Amino acid sequence: MNIKLFCYFILLIPSIGFTQQSQLSGRVTNSANAGISSATITVMDSIYQVLHKYTTDTLGWFSIPVNGSASYHLSVTHLNHDPFESFLQLDTIRSPLYIHLNPRGNKLDEVVVEGKRPQITRKIDRLEFNVQNSNISALSSWEILKRTPLVKVSGTDISVKGSRQILVMINDKPVSLSGEELKNLLENTSGTDLQSVEVITNPPAKYEASGSAIINIKMKQDQRYGYRGVAIAKIEQSNYGKQLFGLTNYYKTEKFNIRAIYNFGRGTYARYGTDYVRYASDNTTWVSKMDRIDENKNQQTYNLTTDYEIDSTFHISFGWSGHHSPRSAGIYTVPTLIYNQAGEVESDYMTVNDHYRSNRNNNVYLQTTKKIDNQNTLQWSNYFTVSKQSNYQDIQTQLHFKDQPPSRSHFISDNDTKTTLLSTQLDFDHKGDRVSYDFGGKYSYVNTSSGLLFSDNEQGNIAWRPDKSNDFDYREHNAALYTSASYSWNKWSAKAGLRTEYTKLEGIVALPTDTNSTDYLTLFPTFYLQYETTGKAQFGLSYGKRISRPSYSWLNPTKSYYNLFSYFQGDPRLKATIVHNLNLTYTKNDWNVDLFYRYEKWPSMEISYQEDATHQLIYHYTNIEKGQGAGVDMSKNFTFKPWWSMQTMLSGMYNENYFEGVDNVIHKNDVFQFNSTITNSFVLDKKNDWNLEIGNSYFSPSIQGPFRISAFSTTHLMTGRKFFNKKLELSIYFLDIFKSETVKVSTKYANQNNYFLDYQDTRKVSATLRYNFGNQTIKNNKTIDKIEEQNRL
């Protein structure tokens with residue numbers, strides 16, 4: 001039998017497992033602590049599909065059989081009392097639930113479910129950092145993400161266990177946002193709307209195979225009706241200023257749930273760098289100082305989501321989201337001094353780079369969910385995305401070289417790119433008392449086209465150069481099938497899954513004519529095993545195979561010039577990176593220890609190399625041969641006083657990369673790394689959520705292909721307070737207080753001898769003012785699915 005057909009046949013057979021059954025029990029009482037009889041208890045899953053309904057007895061007690069490893073939404077209603085709703089993680093409840101209802105018509109203060117739950121919970125396939133009602137819930141969602149175990153945040157870069165190939169999700173749905181856009185979204189999302197953050201180092205087969213790990217941000221949900229709004233104003237001052245203004249509207253009726261968000265941002269963005277290149281051929285050192293200052297007066301982000309519930313079993317979601325930045329512009333003046341062996345300046349040149357960039361991204365989606373019965377659910381999702389980008393550069397260079405007359409170089413490049421994406425996905429999920437499994441499939445098509453118009457004055461006057469212009473067209477088809485199952489017995493739990501993806505791609509370069517056409521089938525197995533002791537300590541073992549496909553822009557081989565002697569170039573034959581993850585975990589009493597090993601085949605990254613003959617410094621996105629790393633992550637949260645807590649995260653690892661150098665020799669680059677984050681949080685006024693926090697993070701030297709990246713640290717101080725019955729919130733941040741986030745990135749092997757200093761204007765102070773109006777009992781509506789291909793734009 002053909003191997004491809006055999007693999008598809010295997011995946012069409014759903015696996016069957018058994019889950020251990022538990023009892024969700026408790027008592028419903030009134031304001032006098034007397035039991036309420038005939039109260040209706042409704043247990044729903046995470047997408048509000050009813051699983052069980054029960055009525056309390058004459059003393060207010062209830063007991064419902066549920067799956068002990070799942071998350072639930074609990075609703076309690078009674079004719080003469082106000083309703084109660086809460087999100088529950090059953091394995092964190094340490095005692096029966098005691099739920100208090102107030103008489104209908106009275107103002108209901110916050111209802112507390114008695115029963116302590118830990119902040120860190122190790123599940124069979126993920127680590128959950130639960131922040132609901134914790135002392136850090138007053139922070140923004142971005143600040144909470146930075147405090148999540150296993151997660152490292154540097155600027156807008158997010159990594160897990162040293163890998164930046166991370167897929168970020170909200171409520172199990174991937175989001176297609178750049179690092180800066182995600183940061184803005186989470187900075188302006190209150191931590192009080194956040195339930196937990198899940199770190200999935202070996203994602204199950206149901207999830208996209210892309211990315212070495214998944215960060216899943218779980219938001220609170222609510223079924224109450226009404227309207228609310230949030231107005232946001234943020235100012236930030238580093239060397240330059242930035243501003244952000246936003247308005248979010250929520251409205252829910254019995255059938256409709258509508259969310260509309262609009263954010264407008266503007267500001268000046270700075271990045272400072274100095275390049276040093278030593279050329280052995282003529283014993284010269286070239287030093288370039290580049291201050292990149294770009295002004296962007298118009299950044300718009302918008303999102304409209306509508307949910308319609310036809311009946312209790314059928315749900316439709318439709319929406320539109322996008323981002324538009326019509327013009328980001330700047331003029332870089334870059335002096336370069338050329339030193340001889342004696343350290344004297346013998347030549348120099350001055351580059352002036354006048355440029356502007358623009359981008360527009362629009363996404364439309366339609367998603368339907370059909371509950372067949374209490375155990376079976378079918379979901380169909382469709383997506384359509386269009387992304388357009390342009391990059392215009394006018395670069396002039398005045399040259400004063402030794403023993404040569406002064407000269408002038410002038411060239412213009414105009415690059416436009418358009419990407420279109422279409423995807424459809426079908427998922428089936430079965431949840432029973434003893435049998436649980438899921439399976440599904442997906443198909444996607446992507447087309448990206450890029451055109452470069454290049455003109456220069458090589459012939460005397462500015463004229464179009466067809467030999468330096470180019471067109472690139474890329475098409476990709478992807479089909480996937482998956483299935484997974486779980487089984488629990490006594491104190492043991494096991495889970496396994498298999499996902500297969502077939503990819504067919506074609507990349508066509510116009511000049512010189514080149515076509516890359518290939519297809520491949522890849523299997524992605526996952527396996528998990530967990531044991532829980534009598535003392536509630538958890539030991540886990542997991543394995544997962546992942547893939548990281550390159551961004552479409554990295555496939556474009558067209559040269560994008562920074563100046564006369566430096567350019568960036570992609571690779572149309574980039575291979576997808578295959579990642580193998582193996583983890584051993586231990587969790588108890590907020591201690592989390594994670595031993596890990598990661599192997600990467602054909603990791604892709606941006607590297608630089610110098611050409612001595614032409615004095616060119618070339619930045620090239622390409623594959624290296626392999627990389628691997630092993631180490632340990634540890635985290636622990638301490639509570640010294642009711643008003644003082646400390647979060648600690650420590651990690652140590654050995655990391656190595658193997659790459660082919662310009663000398664056609666395989667080189668090894670390795671390093672022992674140590675990272676630490678210690679944050680102290682203080683509650684100054686619990687009634688008004690007035691908090692103070694100070695923390696420091698240290699990152700030891702690291703590597704990336706041939707690069708060695710120096711150590712750096714960062715220290716922050718923040719405070720936040722709420723006013724006017726918590727309708728008005730003010731947050732003030734001081735970041736990189738000691739301006740210690742400057743890094744040195746160096747390359748030294750064979751004839752390669754260069755480095756650059758990089759500082760991204762990280763020392764800053766910012767203030768955010770958030771005003772809540774309308775019915776503030778409403779939480780966010782459901783987050784809509786996005787897909788992995790959108791994250792590669």
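In this chain, residues are counted from 1 in sequence order. Just so it is clear, the values below take in all heavy atoms, side chains as well, and ignore hydrogens, waters and symmetry mates. Predicted, not measured: the structure shown is a model, and the values here were computed from it.
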Only counting residues at least two apart or in another chain, list the ones meeting side-chain hydrogen bond (donor to acceptor under 3.5 Å, both in side chains) with T677.
S697
Between L582 and S542, what is the shortest heavy-atom contact and its length?
CD1-O, 3.4 Å
Any luck finding a side-chain donor-acceptor pair between N754 and D275 under 3.5 Å?
no
With a 6.0 Å cut-off on ring centres, are F527 and Y543 close enough?
no
Does W602 offer a backbone N or O that forms a donor-acceptor pair with the side chain of N623 under 3.5 Å?
yes
Taking salt bridge (charged side-chain N to carboxylate O under 4.0 Å, His left out) as the cut-off, I'd like each qualifying pair that reaches into residues 644-658, sequence neighbours left out, listed once.
E656-K668
Just grab all the salt bridge (charged side-chain N to carboxylate O under 4.0 Å, His left out) pairs involving residues 673-686, residues at least two apart or on different chains.
D685-R721
With no hydrogens and no angle check, just 3.5 Å: does a side-chain donor-acceptor pair link T587 and N592?
yes
Can any side-chain N or O of T719 pair as donor or acceptor with the backbone N or O of N691 at less than 3.5 Å?
yes
So, the side chain of S740 versus the backbone of D736: is there a donor-acceptor pair under 3.5 Å, distance only?
no
Looking at residues at least two apart in the chain, or sitting in another chain, which of them share a ring-ring contact (aromatic ring centres under 6.0 Å, His included) with H667?
F659, Y749
Set of salt bridge (charged side-chain N to carboxylate O under 4.0 Å, His left out) partners for K545, sequence neighbours left out
none
With a 4.5 Å heavy-atom cut-off, do T301 and I261 have their side chains touching?
no
Apply side chain to side chain donor-acceptor pair (under 3.5 Å) to N669 and R708, showing your working.
CA-CA 8 Å; N669 195 8; R708 297 192 71 86; 2.7 Å; yes
For atom CD1 of I235, decide whether the heavy atoms of other residues, nucleotides or ligands shown that lie under 6.0 angstrom number more than 12.
no
Any residue meeting salt bridge (charged side-chain N to carboxylate O under 4.0 Å, His left out) with K146, in chain and number order, not counting sequence neighbours
E143
Knowing that exactly one of T585, T201, N583 qualifies, which makes a side chain to side chain donor-acceptor pair (under 3.5 Å) with D594?
N583
Report yes or no: do T714 and E741 form a side-chain donor-acceptor pair below 3.5 Å?
yes
Does K636 qualify as a cation-pi partner of F638, given the criterion of NZ or CZ under 6.0 Å from the six-membered ring centre and within 45 degrees of its axis?
yes
Taking the six-membered ring for Trp, are F640 and W644 parallel (under 30°), tilted (30 to 60°) or perpendicular (over 60°)?
tilted
P149 and L127 have their tightest heavy-atom pair at CB-CD2, 4.2 Å
Residues forming a salt bridge (charged side-chain N to carboxylate O under 4.0 Å, His left out) with D633, sequence neighbours excluded:
K161
Report, as yes or no, whether the 6.0 Å neighbourhood of atom NZ on K242 holds more than 12 heavy atoms from other residues, nucleotides or ligands.
yes
Do you know the tightest heavy-atom contact between K764 and S238?
CB-CB, 3.7 Å
Compare all side-chain heavy atoms of L692 with those of N680 and state whether any distance is below 4.5 angstrom.
no
Excluding sequence neighbours, so at least two apart, what forms salt bridge (charged side-chain N to carboxylate O under 4.0 Å, His left out) with E625?
none
With under 30° as parallel and over 60° as perpendicular, where do the rings of Y276 and Y755 fit, or are they tilted in between?
parallel
Residues two or more places apart in sequence or in another chain: which of them pass side-chain hydrogen bond (donor to acceptor under 3.5 Å, both in side chains) with N696?
T715
Taking all non-hydrogen atoms of both residues into account, name the closest pair between S328 and N296 and its distance.
CB-ND2, 3.6 Å
Can you list everything that forms a ring-ring contact (aromatic ring centres under 6.0 Å, His included) with F524? Sequence neighbours excluded, please.
none
All ring-ring contact (aromatic ring centres under 6.0 Å, His included) counterparts of W690, not counting sequence neighbours
none
Which class fits the ring pair Y654 and F672: parallel under 30°, tilted 30 to 60°, perpendicular over 60°?
tilted
Please identify each residue that fulfils side-chain hydrogen bond (donor to acceptor under 3.5 Å, both in side chains) with Y207, with sequence neighbours left out.
R126, D172
Could you give me the CA-CA distance, side-chain angles and deciding distance for Y269 and D761, then say whether side chain to side chain donor-acceptor pair (under 3.5 Å) is met?
CA-CA 8 Å; Y269 300 82; D761 200 20; over 6 Å; no
Minimum heavy-atom distance I624-G705, with the two atoms named:
CD1-CA, 4.2 Å
What heavy-atom pair brings S325 and Q299 nearest, and what distance separates the two atoms?
OG-CG, 4.3 Å
